[in-house]
There are 2 protein chains.
Amino acid sequence: MVEDVLGLLRAGGGRVTTARRQLLEALFASPGHRTAEELAAEVQARAPDIHLSTIYRNLDELERLGVIVHTHLGHGPAAYHLATSAHGHLVCERCGLTLEAPQELFRSLSRVAENRFGFQIDPRHFAVLGRCSACSR
Amino acid sequence: MVEDVLGLLRAGGGRVTTARRQLLEALFASPGHRTAEELAAEVQARAPDIHLSTIYRNLDELERLGVIVHTHLGHGPAAYHLATSAHGHLVCERCGLTLEAPQELFRSLSRVAENRFGFQIDPRHFAVLGRCSACSR
DNA sequence: GTGCTTGCAAACGTTTTGCAGACTC
DNA sequence: GAGTCTGCAAAACGTTTGCAAGCAC
């Protein structure tokens, strides 16, 4: 899977570098959301010289290729994850609890937005904020 | 309406200052979304010495009082508006078009999130991104 | 006069950029 | 060797903060 993406990069005239291989390995190693900083830390555990700005540049590139997506879960840094595990998020504004919401949760919003406004929603890019069950009491 | 809020401030031990009066006047003058910077520009047209940081501090204060809310319409600065005109937003990731979405659009998402996760959504705080009808063709 | 509020400058956290050298192909 | 990618340092961006002076009450 890492190799597939590297092939994709090469196919577009890109080079295969340590930074890219390590970043992809980190991304594929765990399905969770991680910030650029967290990914940098994981990559740097194996290749200490890889700079945070390189991580950002490669995350951009991977996003352009459609391999990953980033999401905003609230104020603060963006979270990155593989595009294949796409889903929305419910984030508690009070305690920060983050729930993954299957696409299907947004189906009816999706339908109404389409009918009323011709608007195709992408529920992945920004989280839906609110109060979790514990905090809404 | 401006005076009502000033009264509210005073009731909580706060002071009524030029900065606050001007900021409220700007907020009430138009129902649109404006960034802190835009509001500062409007205020400074009348009272040039009022500093951006004062705008931020007062926006915080007004938000704490429930008079205004802020929303994130995408990357970039937050947008502020009166709490009375609360609504969600649909923002096109491609052209930036911003549609105001009545609360009612989110009713069914709201219901499902509540039933499935005990989660009370607040569709106002973050916009729902996607593609507008022109850009999705 | 008490103490909330302000202007200013400086810091913040996240992300982007310019550049010269290093590496992949 | 051509051209992409990297590390580094510095800047950009929106926002927050510490402080001493200023103003509302």
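Throughout, a chain's letter reflects where its sequence line sits, starting with A, and its residues are numbered from 1.
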K.L.:
Identify the residue among Gln22(B), Glu63(B), Arg20(B) that makes a side-chain hydrogen bond (donor to acceptor under 3.5 Å, both in side chains) with Asn58(B).
P.N.:
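Going through the options one by one, the only one that passes is Arg20(B).
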K.L.:
Expressed as a whole number of angstroms, how long is the span from Ile55(A):CD1 to dT14(C):P?
P.N.:
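Atom CD1 in Ile55(A) sits about 16 Å away from atom P in dT14(C).
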K.L.:
Identify all side-chain donor-acceptor contacts of residues 74-81 of chain B below 3.5 Å with residues at least two apart in sequence or on another chain.
P.N.:
| from | atom 1 | to | atom 2 | distance (Å) |
| --- | --- | --- | --- | --- |
| His75(B) | NE2 | His70(A) | NE2 | 3.2 |
| His75(B) | NE2 | His72(A) | NE2 | 2.8 |
| His75(B) | NE2 | His125(A) | NE2 | 3.4 |

K.L.:
CG/Asp122(A) to CG/Leu90(B) distance, rounded to the nearest 0.5 angstrom?
P.N.:
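It comes to 12.0 Å.
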K.L.:
Among all residues two or more places apart in sequence or in another chain, which pass the salt bridge (Lys or Arg N to Asp or Glu O under 4.0 Å) test with Glu114(A)?
P.N.:
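With sequence neighbours excluded, Glu114(A) shows a salt bridge (Lys or Arg N to Asp or Glu O under 4.0 Å) to no residue whatsoever.
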K.L.:
Any non-hydrogen side-chain atom of Leu23(A) less than 4.5 Å from a side-chain atom of Leu62(A)?
P.N.:
yes
K.L.:
Can you work out whether Tyr56(B) or Ser53(A) has the more 5'-proximal nearest nucleotide on DNA chain D?
P.N.:
Ser53(A)
K.L.:
Kindly say whether Ser53(B) contributes a backbone atom to a donor-acceptor pair with the side chain of His51(B) at under 3.5 angstrom?
P.N.:
yes
K.L.:
Any chance you could measure Glu25(A), atom CD, to Arg46(A), atom CZ, to the nearest 0.5 Å?
P.N.:
6.0 Å
K.L.:
About how many Å separate CZ of Arg107(B) and CG of Leu109(B), when rounded to the nearest 0.5 Å?
P.N.:
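These two atoms lie 12.5 Å from each other.
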K.L.:
Measure the spacing between CD1 of Ile68(A) and CD of Glu61(A) and express it to the nearest 0.5 Å.
P.N.:
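It is 10.0 Å, given to the nearest 0.5 Å.
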K.L.:
Got a second to check how far Glu100(B)'s CD is from His87(B)'s NE2, nearest 0.5 Å?
P.N.:
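That separation rounds to 3.5 Å.
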K.L.:
At what distance, to the nearest 0.5 angstrom, does CZ of Arg111(B) lie from CD1 of Ile121(B)?
P.N.:
11.0 Å
K.L.:
Give the residues of residues 62-81 of chain B touching DNA chain D, defined as any heavy atom closer than 4.0 Å, sorted by residue number.
P.N.:
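DNA chain D contact set from residues 62-81 of chain B: Pro77(B), Ala78(B).
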K.L.:
Please tell me which of His51(B) and Leu9(A) maps to the more 5' nucleotide of DNA chain D, matching each residue to the nucleotide holding its nearest heavy atom.
P.N.:
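The residue mapped nearer the 5' terminus is Leu9(A).
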K.L.:
Do Val112(A) and Val112(B) land in one hydrophobic cluster if side-chain heavy atoms of ILVMFWY residues count as linked below 4.5 Å?
P.N.:
yes
K.L.:
Protein within reach of the bases, or only the backbone? For nucleotides 19-25 of chain C, mark each nucleotide 5' to 3' as B, S or -, using heavy atoms under 4.0 Å.
P.N.:
-----BS
K.L.:
For DNA chain D, which nucleotides open and close the run of contacts to chain A, 5' to 3', at under 4.0 angstrom from a non-hydrogen atom?
P.N.:
dG3(D) to dC8(D)
K.L.:
Verify the cluster assignment for Leu129(A) and Phe119(B): are they in a single hydrophobic cluster under the rule of side-chain heavy atoms below 4.5 Å apart?
P.N.:
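Different clusters.
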K.L.:
Using a cut-off of strictly less than 4.0 Å between a heavy atom of the residue and any atom of DNA chain D, enumerate the qualifying residues of residues 26-50 of chain A by number.
P.N.:
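Residues of residues 26-50 of chain A that come under 4.0 Å of DNA chain D are, in numerical order, Asp49(A), Ile50(A).
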